[in-house]
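The structure appears right after this line, and notes come after that.
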Amino acid sequence: MIPEIVEIVAVTAGLGLLVALAGLGAMHLLRERSVGVMLAVVVAVPVVVTVAGMVAITLKMIIEGTPRNIVLSVVAVSGLIGLGVAAALARRVLAASRRLVAAVHEVPPSGEFTPPRGLPAELGTVAAALEEAYRRIRLGHERERALEGARRELVAWVSHDLRTPLAGMRAMVEALEDGVVADPETVGRYHAQIRLEVDRLSAMVDDLFELSRIHAGALRLSRRRTGLGDLVADALAGVEPLARAKGVRLEGAADEAVPVQADAGELSRALRNLVVNAIRHTPQDGAVQVRVTVEDGHACLSVADCCGGIPPEDLPRVFDVAFRGEAARSPRADGTGAGLGLAIARGIVEAHDGDIGVVNTGPGCRFEIRLPLSP
Ligand SMILES: Nc1ncnc2c1ncn2[C@@H]1O[C@H](COP(=O)(O)OP(=O)(O)O)[C@@H](O)[C@H]1O
Ligand SMILES: [Mg+2]
């Protein structure tokens with residue numbers, strides 16, 4: 001006769017094997033669920049094995065002698081089986097986390113992270129968070145690269161456009177010092193010219209400073225509810241002398257009091273840059289029109305001129321830092337800007353959550369600023 005204990009172990013082990021297989025199957029089905037659910041399976045396995053073993057032995061065998069042995073054996077066997085299943089779970093979780101770590105190591109610098117498939121829920125969440133983090137890093141890198149490019153352009157521009165007038169001024173000052181020019185008329189002309197250049201350089205340095213603040217994201221806006229009508233009226237009053245000197249008509253129209261949340265000083269600066277450009281590029285007797293309208297829920301500020309149209313290939317570039325059209329690049333009497341005005345205008349408008357664009361229409365072009373309406 002087989003010793004009782006062997007029989008007990010055999011029955012419990014047989015049942016245990018069945019339950020363990022069922023548990024492993026359940027874990028396979030639940031592989032993408034929470035580790036908590038899997039642990040519940042691990043805990044359930046020895047419990048089920050214990051109960052099944054006890055029931056089977058109580059029903060099928062005449063218990064003689066040592067019930068303590070029976071309970072101990074059943075629990076020992078079910079415990080061992082539970083351990084086996086837990087080890088299988090541990091292996092699975094370890095393998096999943098290794099796959100995750102390997103996927104992280106495979107990400108190229110500033111590249112895309114592809115989360116491995118079939119991860120348990122918690123690791124899946126970690127993978128999703130990593131994917132988002134990598135996306136942000138990538139965006140940061142791209143922004144940094146764009147800023148670096150703009151900065152380099154700016155430095156190149158500074159070295160050229162600031163040095164040229166400085167060299168001219170130096171030559172004039174040396175001529176004055178050495179007494180090479182002495183007749184009062186030329187001396188007066190030199191002084192006037194130096195004064196003009198100093199003013200121009202100051203304006204450029206001021207623009208550079210504004211642009212660097214925009215690029216650094218350090219433009220501090222103090223936004224208040226502002227009527228665009230008043231803003232336009234002030235801007236037009238400010239450029240009136242320039243328009244008169246050029247013989248350009250200024251026409252302003254504000255359909256209604258259009259309220260926006262704006263830093264009036266900064267937005268005026270953007271508008272002024274557009275209006276000054278429009279006056280500069282409009283021939284004598286031409287007109288510059290500034291309008292305020294409401295279009296599909298947005299405040300719209302437009303400046304139209306008679307410049308004869310911007311070359312189509314230049315249209316997408318006019319807002320770039322240091323971009324100047326062919327005509328503007330050749331030296332002109334009225335002293336051209338440095339190609340910063342529109343870049344500054346765009347920076348200011350975007351800081352106001354708006355956008356700016358340009359189209360060729362009628363006798364010239366129309367610059368448009370769109371801003372969210374103040375509720
Ligand atoms: N109203 C306009 N009409 C025609 N061309 C314009 C107008 N405004 C801007 N541009 C073009 O865009 C370029 C960039 O303008 P901006 O950034 O203000 O620099 P700047 O005025 O110093 O040249 C100008 O050089 C010119 O070629
Ligand atoms: Mg300009």
Side-chain angles (χ1 to χ4, degrees), residues 150 153-154 156-158 160-165 196-197 199-215 232 235-236 238-239 241-243 245-252 266-291 300-351 355-369:
E153 237 170 81
L154 210 60
W157 168 82
V158 167
H160 176 259
D161 279 42
L162 287 183
R163 267 195 204 153
T164 313
L196 202 79
E197 295 285 9
D199 286 348
R200 216 157 65 85
L201 285 180
S202 303
M204 282 185 194
V205 169
D206 190 45
D207 276 354
L208 266 177
F209 184 61
E210 174 84 355
L211 202 62
S212 77
R213 283 201 305 161
I214 289 172
H215 280 173
V232 168
L236 291 185
V239 294
L242 180 67
K246 252 213 99 181
V248 168
R249 265 193 333 280
L250 276 182
E251 297 166 4
E266 294 291 345
L267 198 57
S268 292
R269 181 175 193 149
L271 179 61
R272 199 186 133 84
N273 285 352
L274 297 190
V275 180
V276 168
N277 278 350
I279 295 171
R280 280 217 185 114
H281 291 95
T282 295
Q284 202 173 1
D285 294 329
V288 168
Q289 286 181 324
V290 184
R291 291 186 162 279
C300 194
L301 245 177
S302 66
V303 180
D305 64 16
C306 298
C307 68
I310 295 174
E313 68 274 14
D314 285 354
L315 276 178
R317 296 162 57 206
V318 290
F319 295 101
D320 290 354
V321 170
F323 174 81
R324 281 168 294 174
E326 219 28 75
R329 231 175 282 137
S330 51
R332 267 196 323 208
D334 64 351
T336 54
L340 302 182
L342 290 179
I344 288 172
R346 181 174 64 179
I348 292 173
V349 169
E350 287 177 354
D355 50 63
I356 188 170
V358 58
V359 285
N360 281 327
T361 54
C365 63
R366 188 175 70 232
F367 282 83
E368 257 177 12
I369 295 176

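Order of listing sets the numbers, starting from 1, for every ligand and every atom in it.
- Residue Cys307 comes nearest to Thr282 through the heavy atom pair N-OG1, 4.3 Å, listed as atom of the first residue, atom of the second, then distance.
- In summary, the atoms of ligand 1 found under 4.0 Å from a heavy atom of Asp305, numbered by their order in the structure, are 1 (N), 2 (C), 3 (N).
- For the residues Gly341, Ala278, Gly339, the heavy atom positioned nearest atom 20 (P) of ligand 1 is part of Gly339.
- In summary, no N, O or S atom of Asn273 is located under 2.8 Å from the Mg ion (ligand 2).
- Exactly one of Leu274, Val303, Leu242 qualifies for a side chain to side chain contact (heavy atoms under 4.5 Å, CB included) with Ile279. That residue is Leu242.
- Counting heavy atoms closer than 4.0 Å to ligand 1, residue Arg324 contributes atoms from both its backbone and its side chain.
- Close approach of ligand 1 to Cys307 is summarised as follows: ligand atoms under 4.0 Å from at least one heavy atom of the residue are 3 (N), 4 (C).
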Does the pair Arg269 and Glu266 meet the rule for a salt bridge (charged side-chain N to carboxylate O under 4.0 Å, His left out), with working shown? CA-CA 5 Å; Arg269 181 175 193 149; Glu266 294 291 345; 5.2 Å; no
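- For Cys365, no nitrogen or oxygen atom sits less than 3.5 Å from a nitrogen or oxygen atom of ligand 1, counting backbone and side chain alike.
- By the 6.0 Å contact criterion, CZ on Arg213 is enclosed, its count of non-hydrogen atoms from other residues, nucleotides or ligands being greater than 12.
- Applying the 4.0 Å criterion to heavy atoms of Leu342 picks out, from ligand 1, the atoms 9 (C), 12 (O), 14 (C), 15 (O), 16 (P), 17 (O), 18 (O).
- Side-chain atoms of Ser212 come within 3.5 Å of backbone atoms of Phe209 as a donor-acceptor pair (strictly under, hydrogens ignored).
- In Phe367, the part holding a heavy atom less than 4.0 Å from any atom of ligand 1 is the side chain.
- Using a 4.0 Å cut-off to heavy atoms of Ala338, the atoms of ligand 1 that qualify are 22 (O).
- Residue contacts with ligand 1: Ile310 is included, with a non-hydrogen atom under 4.0 Å away.
- Looking only at distances, a side-chain donor or acceptor of Asp305 sits under 3.5 Å from a matching main-chain atom of Cys365.
- Across all non-hydrogen atoms, the minimal contact from Leu236 to Gly252 is CD1-CA, 3.6 Å.
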